[in-house]
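Note that the structure is a prediction, hence the values are computed from the model and not measured. Numbers restart at 1 for each chain; the letters A, B, ... are given by sequence-line order, proteins then strands.
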There are 2 protein chains.
Amino acid sequence: MSTPASSINESNDPPFARPTMQDVANAAGVSLKTVSRVVNNEPRVDDRTRERVHQAIAQLGFRRNDIARSLRQGQASSTIGLIIEDIANPFYSSIARGLERVAQKYNYMLIISNSEENALRERELVNALLSRRVEGLCIVPAGSDHSYLSAELRMGTPFIFLDRPPMQLQTDTIVLDNRGGTRQAIKHLLSYGHRRIAVIQGDPRVYTGAERIAGYYETLAEHGIPCDETLIYSNCDDARQAQQATHTLMNLPQPPSAIFSTSNRISIAVLRALRSYTFQPAFVGFDDFDLADMLPVPVTVIAHDPAEMGARAGEILFARLAGSNVPVQQTIVPTQLIVRGSGELRPSQA
Amino acid sequence: MSTPASSINESNDPPFARPTMQDVANAAGVSLKTVSRVVNNEPRVDDRTRERVHQAIAQLGFRRNDIARSLRQGQASSTIGLIIEDIANPFYSSIARGLERVAQKYNYMLIISNSEENALRERELVNALLSRRVEGLCIVPAGSDHSYLSAELRMGTPFIFLDRPPMQLQTDTIVLDNRGGTRQAIKHLLSYGHRRIAVIQGDPRVYTGAERIAGYYETLAEHGIPCDETLIYSNCDDARQAQQATHTLMNLPQPPSAIFSTSNRISIAVLRALRSYTFQPAFVGFDDFDLADMLPVPVTVIAHDPAEMGARAGEILFARLAGSNVPVQQTIVPTQLIVRGSGELRPSQA
DNA sequence: TTGTAGGCGTTATCAC
DNA sequence: GTGATAACGCCTACAA
């Protein structure tokens, strides 16, 4: 009933309409502009007027409409966006947390969306967020061509790419030291006498995968170790495939003396599969994970700090929003070998 | 240069201004309204006109401003909010994922914010989100008085409370079967002959904590087992305190034969502390956690499905948005005992 | 100290 | 089919 000319009044429409500044102004007997001044804590308002307005606000339950505000003010939505693959994955949720902390510091809200590793959906999400006028966007890209962002980039919207660089686009990027981390792992295993080091990896065409496997090849080559391709299993992001690969490896006439896994999810699947063998190969995994230190053989890993990645992305983003014009930067976040036991087993048939 | 009367042109202002429908209209030689029609896929537009407009849109890099759109359309921001304690906690990130899936289904965006268990911050976030005109809000409450939401609730904004009910407010709520789950755990331990069952818990004044410890007391009472208060340790959400409590318990003249922990974080701390003892008490924890099955003694837990909680919250929220007027509902999500080994150890001094 | 006029970018209404 | 005009709720600029 309170909404003047709405459709036939269904019984569920709200009994109280949302008040506007004009409503508050009417209730307080002042002009709309005075209410605006009070709401925004502007100085030149009589204390008694201010008080009356505050009462009207409280009584009506008025709440400033930030949508209208940001429309008038230009592009100040005070919102940034984050696109990741899956918030339920601890790697991404840590990134989100790091970024949110920074956003909070600058009094910004964060909209998080999951691309589910789908390039098309990523693009839809980017468009939806830009249409909502987020002021900047952090993206863990799933797609392989980001040239569609170039117009938006020229208009001043900052984009920060996380974990993987953009393709066909020049913008700030934060990646792990994928190659260096893998080199650490492989050198570590070599130093314990391993020569047959298997790799169970995800998709080697994805940036992180390509870097990691390149680190493996490089390190073997530098040490003059011939590479046995039968020890390399790809596309094992799925737990089932990783376990299958582990079983295949362990049943080779000459099984590997060590296994390197390129991600935490693969690591866990591999370790699960290894439980059924008495002979335990040495093991090092890329990415740390909860309880790695609590397993029967504590797990040696290449660790890094995803929350730090998120936080750095945020700082770069806000620097850009503040007008920073420094050249596009690529930040490389270091990795760290954490020695726990599984990586220090020696080859039995040395 | 392109912005007419802005302040002195600093070198970093965007070289291209963001085009509006009017710009597109000028470029295409049509009226603004026609552009609007094309953008919104309205039917009565000549195909040739439509084509010209599309070209202008592509050429200028036009993107509809959803802020202006939703201002004009009333309250259709197509955005909902979620307030949790910490997105880096798997319990909450799973909730977020479940909710986001539903939001996605209805073509809504999700804004996630972390209250950090701070009632004041929770309230600030609620206000910020409502000012941004989210159409509904899911909250894992940190505060202890939500009457401040009643005006907003009357205006039709749906609020769904997750994991803990609201205080001083009647609205839809989704909680775990905290009491029932704890009863399952304690009965399970009793059935294996345990009579001295310690509890390491968080804050017993928080709703979930209160329900869980009540389930413990209840079950002991029903079985005629006297309750030994020296076996109950509270406020152990911090890992250090949980470990300390474990050590104290294990060094009692007569240590407990079983330990029940009220959350996954506590469980992990307790299990870490237990590693230094040869005698292993039976153990059951509330909440499942990754790798619980991989520990030297696989961990028996009371499991549940946080993503399902998030999804259900979402469905109720969207039902409310669609006008559902059914009475306020409290949904109780069931828990499940997962038997893995640690809960099936028998008391040694039986 | 307070108020008026105009516009932010879009959609709704109604005329052509 | 297409276009002028008036909102949406707020803020900026300027006037009183």
Side-chain angles (χ1 to χ4, degrees), chain A residues 3-7 17-54 56-57 60-78 130-133 135 155, chain B residues 3-7 17-54 56-57 60-78 130-133 135 155:
Chain A
T3 341
S6 74
S7 59
R18 205 176 291 282
T20 70
M21 279 193 180
Q22 186 60 63
D23 297 329
V24 175
N26 295 151
V30 297
S31 81
L32 188 162
K33 178 63 210 183
T34 299
V35 177
S36 171
R37 288 199 177 89
V38 172
V39 167
N40 293 296
N41 278 314
E42 286 177 35
R44 279 137 224 265
V45 179
D46 187 279
D47 281 353
R48 296 211 316 264
T49 311
R50 191 182 293 276
E51 181 51 31
R52 255 189 308 147
V53 171
H54 272 138
I57 287 175
L60 296 177
F62 168 79
R63 194 186 297 283
R64 180 179 66 195
N65 185 336
D66 279 354
I67 295 228
R69 175 190 169 83
S70 77
L71 177 61
R72 174 63 240 226
Q73 286 190 328
Q75 310 306 338
S77 67
S78 293
L130 290 174
S131 285
R132 266 154 232 247
R133 293 301 187 261
E135 294 180 43
M155 292 183 219
Chain B
T3 340
S6 73
S7 60
R18 206 177 291 281
T20 69
M21 279 193 178
Q22 186 60 63
D23 296 329
V24 176
N26 295 151
V30 298
S31 82
L32 189 164
K33 179 63 203 180
T34 298
V35 177
S36 173
R37 288 199 177 91
V38 172
V39 167
N40 294 294
N41 276 314
E42 286 177 35
R44 278 139 226 265
V45 179
D46 188 278
D47 280 353
R48 296 212 317 264
T49 310
R50 191 181 294 275
E51 181 51 32
R52 256 189 306 148
V53 171
H54 273 138
I57 287 175
L60 294 176
F62 168 80
R63 193 184 298 282
R64 180 179 65 195
N65 185 335
D66 279 353
I67 296 225
R69 175 189 169 84
S70 77
L71 175 63
R72 175 64 240 225
Q73 286 194 325
Q75 309 307 337
S77 66
S78 293
L130 290 175
S131 285
R132 265 156 233 246
R133 294 300 188 262
E135 294 180 43
M155 290 183 220

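No option in A:Asp23, A:Val53, A:Val24 other than A:Val24 meets the side chain to side chain contact (heavy atoms under 4.5 Å, CB included) test with A:Phe62.
In this structure, CG of A:Asp23 is placed 8 Å from P of D:dG9, rounded to the nearest angstrom. The interatomic distance linking B:Phe62 (CZ) with C:dT10 (P) rounds to 4 Å, in whole Å. Between A:Glu42 atom CD and D:dC10 atom P the separation is 14 Å, expressed in whole Å. Protein atom CG of B:Asn65 is 14 Å distant from nucleotide atom C1' of C:dG7, rounded to whole Å. The nearest whole Å value for the distance from the CG atom in A:Leu60 to the P atom in D:dG9 is 14 Å. In this structure, the CD atom of B:Gln22 is 10 Å from the P atom of C:dC8, given to the nearest Å. B:Arg52 places its CZ atom 15 Å from the P atom of D:dG1, with the value rounded to the nearest Å. Atom-to-atom, CG of A:Asp47 to P of C:dT1 comes out at 9 Å; the value is rounded to the nearest Å.
Each of D:dC10, C:dG3, D:dT2 was ranked by its minimum atom distance to the side chain of B:Arg37; first place goes to D:dT2. If you check D:dC11, C:dG9, D:dT2 against the side chain of A:Met21, the one that comes closest is D:dC11. Nearest nucleotide to the B:Gln73 side chain, out of D:dT2, D:dC11, C:dT11: C:dT11. Closest contact between the side chain of A:Arg64 and the listed nucleotides C:dT1, D:dG9, D:dC11 involves D:dC11. Distance from the side chain of B:Lys33 is smallest to D:dA4 among D:dG9, C:dT4, D:dA4. Residue A:Ser36 has its side chain nearest to D:dC11 when only D:dG1, D:dC11, C:dT2 are considered. The nucleotide whose nearest atom lies closest to any side-chain atom of B:Leu32 is, among C:dT11, C:dG9, D:dG3, C:dT11.
The base of C:dC8 is not paired with the side chain of A:Arg72 by any donor and acceptor separated by under 3.5 Å.
Close to D:dC11, at under 4.0 Å from its OP1 or OP2, lies a side-chain N or O of A:Asn40. Residue B:Thr49 has a polar side-chain atom (N or O) positioned under 4.0 Å from OP1 or OP2 of D:dT2. A sub-4.0 Å separation between OP1 or OP2 of D:dT2 and a side-chain N or O of B:Thr34 is absent. An OP1 or OP2 oxygen of C:dG9 is reached within less than 4.0 angstrom by no side-chain nitrogen or oxygen of B:Thr20.
Here the CZ-OG1 distance, from B:Arg44 to B:Thr34, works out to 14.0 Å after rounding to the nearest 0.5 Å. If you take CD on B:Gln22 and OG on B:Ser31, they are separated by 8.5 Å, rounding to the nearest 0.5 Å. Taking CZ from B:Arg64 and CE from B:Met21, the interatomic distance works out to 7.0 Å, rounded to the nearest 0.5 Å.
Counting only heavy atoms from C-beta outward, the side chains of B:His54 and B:Val38 approach each other to under 4.5 Å.
Here B:Arg69 lies in heavy-atom contact (under 4.0 Å) with sugar-phosphate atoms only. Looking at heavy-atom distances under 4.0 Å, B:Val39 makes no contact with the nucleic acid at all.
With 3.5 Å as the limit, one finds no donor-acceptor pair spanning the side chains of A:Asn65 and B:Arg132.
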